[in-house]
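Lettering follows sequence order; numbering is per chain, from 1. Values reported hereafter were calculated over all heavy atoms of this structure, with side chains retained and with hydrogens, waters and symmetry mates removed.
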Amino acid sequence: MTNLEQLFVMLGGVAGSTALWKFFETRLKIRTEQKQKMMDSSDSSLYRDDMKARIEKMSLDLEEANDKILALIEEVSILKTENKFLKREIERLKEK
Amino acid sequence: MLTTIKTRFKNLKEIWTYGDGQPTEMTLAMINVFLTPLALCLELKQCGIFEVFLVLSGLHQLWCISKGELSCRLRGAFFTFSAYFGTLIMYMGSIGLPTPTHWGWVVLVIASLSSLLRIKKEQLYRL
């Protein structure tokens, strides 16, 4: 076999192997995608996703509730201070 | 007994699919560097451009394995597979596969293809 024939065989080998590889690669990609879809739609993943959503919602509700509690504490402190001053004023007016 | 055989077969399949392929890749690369050019030169009396391609593909794959980069390993594995496929074509186009020892080239083509598929699978799952 001459060098030219060898070159053709080499190019043929690369071309043939490329075609074969493309076929197997596409098949592998399709199978992987199908497996991924099956895993995403399986019961355990749905349950896990549902749990995640619930935990997120509960975290947000907890934060909201904490903010409300802080606001209420603030209001109560303000009302306490007002009450103290009003009592003093009442005492002062009674003494008059 | 049958259940044990089925379990063992399933284990083998999982190891083949998901096991570490780097030692196999190294072996395939070293065969391309040392053995394949020698076999072609001695058996088919072909010592030319293709042998250079074989050695370069083997060295390239060894380089990629040592580098540890997945995309480089994939490229290296593809060239190795091309090299074995080309070697098989060379044999089929000249003396054929007269003895069972020569069928080893088919085994090497299958091994290099499965190594290539294993790396591609790893790449797809990492994404």
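Under the 4.5 Å side-chain heavy-atom criterion for Ile, Leu, Val, Met, Phe, Trp and Tyr, B/L74 and B/L28 are members of the same hydrophobic cluster. Under a hydrophobic clustering in which Ile, Leu, Val, Met, Phe, Trp and Tyr are joined whenever their side-chain heavy atoms come within less than 4.5 Å, directly or via other members, B/F34 and B/W63 fall into different clusters. B/L59 and B/V52 end up in different hydrophobic clusters when Ile, Leu, Val, Met, Phe, Trp and Tyr side chains are linked at under 4.5 Å. If you chain together hydrophobic residues whose side chains sit under 4.5 Å apart, B/L44 and B/I49 fall into the same group. In this structure, B/L40 is not a member of the same hydrophobic cluster as B/L56, with clusters built from ILVMFWY side-chain heavy atoms closer than 4.5 Å.
In this structure, chain A has no heavy atom under 4.5 Å from any part of B/Y84. When heavy atoms are compared at a cutoff of 4.5 Å, B/L113 approaches chain A solely by way of its side chain, counted from C-beta outward.
For residues 16-32 of chain A, heavy-atom neighbours of chain B at less than 4.5 Å comprise A/G16, A/S17, A/T18, A/L20, A/W21, A/F24, A/E25, A/L28, A/K29, A/T32, sorted by residue number. Applying a 4.5 Å heavy-atom cutoff, none of the residues of residues 83-96 of chain A approach chain B.
Residues B/F53 and A/V14 are in side-chain contact: their nearest non-hydrogen atoms beyond the backbone lie under 4.5 Å apart.
Within a 6.0 Å radius of CE in A/M51, other residues, nucleotides and ligands contribute more than 12 heavy atoms.
Among the candidates B/G86, B/S82, B/A83, the residue making the largest number of heavy-atom pairs closer than 4.5 Å to chain A is B/S82. Put simply, of B/I89, B/L117, B/L116, the one with the most heavy-atom pairs under 4.5 Å next to chain A is B/L116.
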